[in-house]
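Notes to accompany the following structure.
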Amino acid sequence: MDILQEAIAFENAKMSHMSTSDRVGASREAKRLILAINEIYKKEKDPELMDVMKRLTVKKKRIDIRLKGRPDSGI
């Protein structure tokens, strides 16, 4: 379960003062980890794996919002 150790390390990593290219790399890394854990989850159905995927998804969404910017509230 080396992928879980990578996921925990990614989750605990600081995400402040990152360049745009660092954010793109972090977003891709999060996606890779989520998909890899999902493949394991399909076989094992371990609820802890689902929790890890949810936490990584939250972190990825924060990174993506920072990359793309917040949507306008109207006009």
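Closest of all the heavy-atom pairs between M53 and I34 is SD-O, 3.7 Å. Of all non-hydrogen atoms in E11 and K59, the two that sit nearest each other are O-NZ, 2.8 Å.
A side-chain contact (heavy atoms from CB on, under 4.5 Å) with V58 holds for exactly one of K60, R62, K54, R55; it is R62.
Atoms CZ and CZ, from R32 and R28 in turn, are 13.0 Å apart once rounded to the nearest 0.5 Å. A distance of 5.0 Å separates CG in D64 from NZ in K68, rounded to the nearest 0.5 Å. Note that the CG atom of L67 and the OG1 atom of T20 stand 6.5 Å from one another [nearest 0.5 Å]. The CD atom of E39 lies 11.5 Å from the CD1 atom of I37; values are rounded to the nearest 0.5 Å. One finds the CD1 atom of I63 at 10.5 Å from the CG atom of D22 (value rounded to the nearest 0.5 Å). From N38, atom CG reaches atom CD1 of I3 across 12.0 Å, with rounding to the nearest 0.5 Å.
In this structure, V24 is a member of the same hydrophobic cluster as L33, with clusters built from ILVMFWY side-chain heavy atoms closer than 4.5 Å.
Contact of the L4 side chain with the L49 side chain is registered, since non-hydrogen atoms from C-beta on lie closer than 4.5 Å. At least one side-chain heavy atom of M15 sits less than 4.5 Å from a side-chain heavy atom of F10. Considering only heavy atoms from C-beta on, K61 comes within 4.5 Å of T57 through its side chain.
The main-chain N or O of R23 is never found under 3.5 Å from a side-chain atom of S27 such that the two would form a donor-acceptor pair.
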